[in-house]
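First listed ligand is number 1; within each ligand, the first listed atom is number 1.
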Amino acid sequence: MKDRIAVVTGGSRGIGRCIALCLAQEAKVIITCVKRWEAAEATVKEIQSKGGEAWAYQFDVSSFEQTQGFFKEIIAKFGRVDYLINNAGIARDGLILRMKEEAWDEVLAVNLKGTFNCIKAVASIMVRQGYGRIVNISSIVAFMGNIGQANYVSSKAGIIGLTKAVARELAAKGITVNAVAPGFIDTEMTASLPEKIKEYMLSQIPLGHFGKPEDIAEVVAFLLSDKARYITGQVIHVNGGMYMQ
Ligand code: NAD
């Protein structure tokens with residue numbers, strides 16, 4: 001397992017950072033970020049201080065060219081990619097009556113097209129290997145909707161469709177593709193929510209508290225493991241019971 005190569009987009013902080021730390025126990029980890037390079041460096045140092053191996057790269061997942069360039073570099077250096085975790089994501093909230101076209105375009109470009117860009121770049125590599133695991137990070141709101149998040153909800157619902165379509169296409173090549181749909185998790189993304197919204201959200205969670213990044217990381221690690229070899233095209237909900245299928 002230690003020779004496995006994992007790529008975690010947006011692995012510099014929040015949920016991605018925690019996924020990277022968790023995977024570093026079993027694989028070499030490459031984390032990516034778009035801004036705040038110092039956060040990526042800190043995550044790499046933290047992994048190394050625990051005896052793991054990690055590298056950081058900076059590029060924008062919404063750019064097809066930059067994503068292709070990144071994976072070319074990875075192949076030149078490491079020769080393979082076993083795990084891809086499409087975690088990079090942004091929110092630009094606003095009610096539909098006020099939402100600007102740019103806010104729609106930006107969120108769809110990073111969250112949905114960014115996921116496509118990475119899968120597109122890695123699919124041929126994994127097909128050649130005859131092995132690969134892809135986990136896409138969606139969201140509970142893809143299933144429930146959310147006020148003020150038409151762009152974000154659409155991008156995260158799109159990720160579910162993308163997951164199922166690609167899972168069917170790549171299954172025969174030894175590649176599984178799954179999604180994890182987190183509920184409300186304590187990270188920078190949710191820290192900026194107004195107190196009133198946080199209180200309301202909390203009242204909707206049967207387990208009575210927000211999730212931690214570790215709650216997502218453990219499920220991602222399971223989906224990447226051999227224990228999950230017969231699971232593909234699925235969505236795993238990790239939300240404290242806030243949404244039940
Ligand atoms: P975060 O804001 O703390 O981290 C986001 C990461 O994505 C950062 O590392 C950032 O550098 C990277 N990123 C952003 N834009 C990028 C781009 N254009 N190119 C490359 N990297 C880019 O967010 P988080 O809360 O840790 O969320 C991680 C993922 O989980 C996101 O996809 C988010 O939508 C999803 N999610 C989060 C929650 C939650 O409650 N926090 C709930 C459901 C889903």
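Proximity of a side-chain donor or acceptor of Gln204 to a complementary backbone N or O of Met242 within less than 3.5 Å is not detected.
Each of the atoms 39 (C), 40 (O), 41 (N) of ligand 1 lies under 4.0 Å from some heavy atom of Ile185. Taking every heavy atom of Cys33 and a limit of under 4.0 angstrom, the matching atoms of ligand 1 come to 11 (O). Which parts of ligand 1 touch Phe59 is read off a 4.0 Å heavy-atom cut-off, strictly below it: atoms 19 (N), 20 (C). Near Gly14, the atoms of ligand 1 lying under 4.0 angstrom from a non-hydrogen atom of the residue are 3 (O), 26 (O).
By the 4.0 Å heavy-atom criterion, Asp60 is counted among the residues contacting ligand 1. The shortest heavy-atom distance from Arg17 to ligand 1 is not under 4.0 Å. Judged by the shortest distance from any of its heavy atoms, Gly183 lies inside the 4.0 Å radius around the atoms of ligand 1. The shortest separation from a heavy atom of Phe210 to ligand 1 is not under 4.0 Å, leaving the residue out of contact. Ligand 1 is approached by Ser138 to a heavy-atom distance shorter than 4.0 Å.
Side-chain contact annotation: Thr115 with Asn86, donor-acceptor N/O pair under 3.5 Å absent. Residues Gln149 and Asp93 bring a donor and an acceptor atom of their side chains to less than 3.5 Å of each other.
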Please walk me through it: do Thr9 and Asn87 pass side-chain hydrogen bond (donor to acceptor under 3.5 Å, both in side chains)?
CA-CA 5 Å; Thr9 69; Asn87 163 81; 5.4 Å; no
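The pair Asp3-Lys28 counts as a salt bridge, with a side-chain nitrogen and a carboxylate oxygen less than 4.0 angstrom apart. Contact check on Arg92 versus Glu102 returns no salt bridge, with no Lys/Arg side-chain nitrogen under 4.0 Å from an Asp/Glu carboxylate oxygen. Ionic pairing of Arg4 and Glu26 is not present here: no N-O contact between side-chain nitrogen and carboxylate oxygen is shorter than 4.0 angstrom. Between Glu38 and Arg13 there is no salt bridge, since no side-chain nitrogen of the basic residue lies less than 4.0 Å from a carboxylate oxygen of the acidic one.
With hydrogens left out, the protein atom closest to atom 34 (O) of ligand 1 is Tyr152 OH, 2.5 Å, a heavy atom. For atom 14 (C) of ligand 1, the nearest non-hydrogen atom of the protein is Ile90 CG2, 3.6 Å. For atom 30 (O) of ligand 1, the nearest protein heavy atom (residue, atom name, distance) is Ile137 CG2, 3.4 Å. Counting protein heavy atoms only, atom 28 (C) of ligand 1 is closest to Asn87 OD1, 3.1 Å. Gly89 O, 3.8 Å is the protein heavy atom nearest to atom 5 (C) of ligand 1. In this structure, the protein non-hydrogen atom closest to atom 21 (N) of ligand 1 is Ala88 CB, 3.5 Å. Ranking protein heavy atoms by distance to atom 16 (C) of ligand 1, first place goes to Val34 CG1, 3.4 Å.
Considering backbone and side-chain atoms alike, Glu188 places every N or O at 3.5 Å or more from each N or O of ligand 1. Ligand 1 has an N or O atom lying under 3.5 Å from an N or O atom of Val61, backbone or side chain. Residue contacts with ligand 1: Ser12 is placed with a nitrogen or oxygen under 3.5 Å of a nitrogen or oxygen of the ligand (distance criterion only). Considering backbone and side-chain N/O of Gly10, one or more are found under 3.5 Å from N/O of ligand 1. Between Arg13 and ligand 1, an N or O atom pair is found at a separation short of 3.5 Å. For ligand 1, the polar-atom distance check against Lys35 finds no nitrogen or oxygen pair separated by under 3.5 Å.
Using a 4.5 Å cut-off on side-chain heavy atoms (C-beta onward), Leu162 and Leu112 make contact. Asp82 is listed as a side-chain neighbour of Arg80, based on a closest heavy-atom distance under 4.5 Å.
Residues Ile96 and Ile197 do not share a hydrophobic cluster, defined by chaining ILVMFWY side chains whose heavy atoms lie under 4.5 Å apart.
Here the shortest heavy-atom distance to atom 27 (O) of ligand 1, taken over Val8, Thr190, Ile15, belongs to Ile15. Across Thr67, Thr187, Asn117, heavy-atom proximity to atom 24 (P) of ligand 1 is greatest for Thr187.
Just one residue in the list Ile74, Asn117, Ile75, Ile134 forms a side chain to side chain contact (heavy atoms under 4.5 Å, CB included) with Val122, and that residue is Ile134.
Ring orientation note: the planes of His237 and Tyr243 are tilted relative to one another, at an angle of 30° to 60°. Ring pair Trp55/Phe78 is perpendicular by interplanar angle, where above 60° counts as perpendicular and below 30° as parallel.
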